[in-house]
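FYI, side chains are in, hydrogens and waters are out, and symmetry mates aren't considered; it's all heavy atoms of this structure.
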Amino acid sequence: QVQLVESGGRLVQTGDSLRLSCAASGRTFSVDTMGWFRQAPGKEREFVAAIRWNIGHTHYADSVTGRFTISGDNAQNTVYLQMNSLKPEDTADYYCAVSITYGSAWPLSATLLYEYTYWGQGTQVTVSS
């Protein structure tokens with residue numbers, strides 16, 4: 001199994017920056033992709049960004065492209081989500097997730113919730129207007 005712990009969420013203002021972290025432990029050698037998803041109140045969980053762990057390829061949702069950057073530290077088994085130019089519509093609970101399945105249809109497979117086996121508990125990001 002892989003355990004995930006997110007941190008870094010808080011209340012910020014429009015235009016601010018924030019960095020989320022997700023520390024992985026356990027069978028981290030089995031990780032193919034690490035992703036970030038978010039879920040706003042009353043809405044479905046949606047894809048934000050993903051990184052192919054051993055290759056470094058990244059993929060982003062259109063809504064965050066150019067503002068968010070996903071990166072990973074293999075030595076620390078940690079993935080980061082740098083969020084710049086935050087907007088009120090970015091307000092959500094942010095979840096880190098791990099896929100242990102080789103994604104032959106990457107990056108499409110990286111955007112699908114069911115491709116991910118392990119999930120963190122989430123960290124709340126609130127962007128005030």
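Within the structure, the side-chain hydrogen bond (donor to acceptor under 3.5 Å, both in side chains) test picks out the following pairs touching residues 7-20 (sequence neighbours left out): Ser17-Asn84. Screening residues 105-121 for side-chain hydrogen bond (donor to acceptor under 3.5 Å, both in side chains), with sequence neighbours left out, gives Glu6-Gln121, Thr33-Trp106. Sorted by first and then second residue, the disulfide bond (SG atoms under 2.5 Å apart) pairs involving residues 91-129 (not counting sequence neighbours) are Cys22-Cys96. Sorted by first and then second residue, the pairs that involve residues 58-84 and meet salt bridge (Lys or Arg N to Asp or Glu O under 4.0 Å), not counting sequence neighbours, are Arg67-Asp90. Residue pairs that meet the disulfide bond (SG atoms under 2.5 Å apart) test with at least one member in residues 43-87, sequence neighbours left out, do not exist here. The list of disulfide bond (SG atoms under 2.5 Å apart) pairs with a residue in residues 53-91, not counting sequence neighbours, is empty.
In this structure, CZ on Phe37 lies 13.0 Å from OH on Tyr94, to the nearest 0.5 angstrom. Considering CD1 of Ile100 and CZ of Phe29, their distance stands at 9.5 Å, rounded to 0.5 Å.
Closest non-hydrogen pair, Val2 versus Thr28, comes out as CG2-N, 4.4 Å. The shortest heavy-atom contact between Met34 and Ala24 is CE-CB, 4.2 Å. In this structure, Leu11 and Ser128 approach most closely via the heavy-atom pair CD1-CB, 4.3 Å.
By the ring pair (Phe, Tyr, Trp, His ring centres under 6.0 Å) test, Tyr95 is found to be paired with no residue, residues two or more places apart in sequence or in another chain being considered. Residues satisfying the side chain to side chain contact (heavy atoms under 4.5 Å, CB included) criterion with Thr78, sequence neighbours excluded, are Ser21, Ala23, Gln76, Tyr80. Considering only residues two or more places apart in sequence or on other chains, Thr69 meets the side chain to side chain contact (heavy atoms under 4.5 Å, CB included) condition with Tyr60, Gln82.
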Please tabulate, for side-chain N and O atoms in residues 43-53, each donor-acceptor pair with protein atoms closer than 3.5 Å (sequence neighbours left out).
| from | atom 1 | to | atom 2 | distance (Å) |
| --- | --- | --- | --- | --- |
| Arg45 | NE | Gln39 | OE1 | 3.3 |
| Arg45 | NH2 | Gln39 | OE1 | 3.4 |
| Glu46 | OE2 | Arg38 | NE | 2.7 |
| Glu46 | OE2 | Arg38 | NH2 | 3.3 |
| Arg52 | NE | Asp32 | OD1 | 3.3 |
| Arg52 | NE | Asp32 | OD2 | 2.8 |
| Arg52 | NH2 | Asp32 | OD1 | 3.3 |
| Arg52 | NH2 | Gly103 | O | 3.4 |

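Evaluated for a side-chain contact (heavy atoms from CB on, under 4.5 Å) with Ile70, the options Leu20, Val79, Val64 yield exactly one hit, Val79.
Residues Leu18 and Val125 are in side-chain contact: their nearest non-hydrogen atoms beyond the backbone lie under 4.5 Å apart.
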